[in-house]
K.L.:
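Sharing a structure, written as structure tokens. Questions coming.
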Amino acid sequence: MATPSAEPNGLREVAPTSDGWRQFEKDRPPIAVQLPPVPARITRDTLRDICHLLGLDPSDVRDIQIGMNELTATFYLSDRDGHKIRYGEGAATTVATIPIG
């Protein structure tokens, strides 16, 4: 285990984790962080374009989560005539996980 190091802002870093993240001791003041550029909002047209680029019908998609190794999508279920199915108080859905590679 690596020796903890003192940080300029007074936090003490504990041993780096095996996945490369930095971990700091609890009960210390937060460190200053900088987020990468993030858009203030995404238009519906952009979201629809993302679905089309993925080969998905936007009207069937309830939720999309994109990770580094997989995409997880929640889809609305439809009957044979194309009508969305209700289940209890909401829509019937299913989840599909698609590997990225």
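We're numbering straight along the sequence, starting at 1. Since this is a predicted model, take the numbers as computed values, not measurements.
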K.L.:
Atom CZ in R86, atom CG in L77: separation rounded to 0.5 Å?
P.N.:
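These two atoms lie 13.5 Å from each other.
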K.L.:
H83 versus S78: any side-chain heavy-atom pair under 4.5 Å?
P.N.:
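Not in contact.
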K.L.:
Taking side chain as C-beta onward, heavy atoms only, is D60 less than 4.5 Å from Y76?
P.N.:
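Not in contact.
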K.L.:
Just verifying a value: how many Å separate T93 OG1 and I85 CD1, rounded to the nearest 0.5 Å?
P.N.:
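Interatomic distance, T93 OG1 to I85 CD1, rounded to 0.5 Å: 10.5 Å.
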K.L.:
Can you tell me how far CG of N69 sits from CD1 of I66, rounded to the nearest 0.5 angstrom?
P.N.:
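It comes to 13.0 Å.
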K.L.:
How many angstroms lie between atom CD1 of I98 and atom OG1 of T72, to the nearest 0.5 angstrom?
P.N.:
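The OG1 atom of T72 is 8.0 Å from CD1 of I98, to the nearest 0.5 Å.
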K.L.:
Does the side chain of I64 reach to within under 4.5 Å of the side chain of L71, using non-hydrogen atoms?
P.N.:
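With C-beta onward as the side chain, the pair touches.
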K.L.:
For the pair R48 (side chain) and C51 (backbone), establish whether a donor and an acceptor sit closer than 3.5 Å, ignoring hydrogens and angles.
P.N.:
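Judged by distance alone, no pair lies under 3.5 Å.
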K.L.:
In Å and rounded to the nearest 0.5 Å, what is the CZ to OG1 distance from R62 to T94?
P.N.:
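If we round to the nearest 0.5 Å, R62:CZ and T94:OG1 are 12.0 Å apart.
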K.L.:
Checking S59 against D57: is there a side-chain donor and acceptor pair closer than 3.5 Å?
P.N.:
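Present: a donor and an acceptor within the cut-off.
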K.L.:
Could you tell me if the side chain of F75 sits less than 4.5 Å from the side chain of V61, heavy atoms only?
P.N.:
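When only atoms from C-beta onward are counted, F75 and V61 do touch, with a gap below 4.5 Å.
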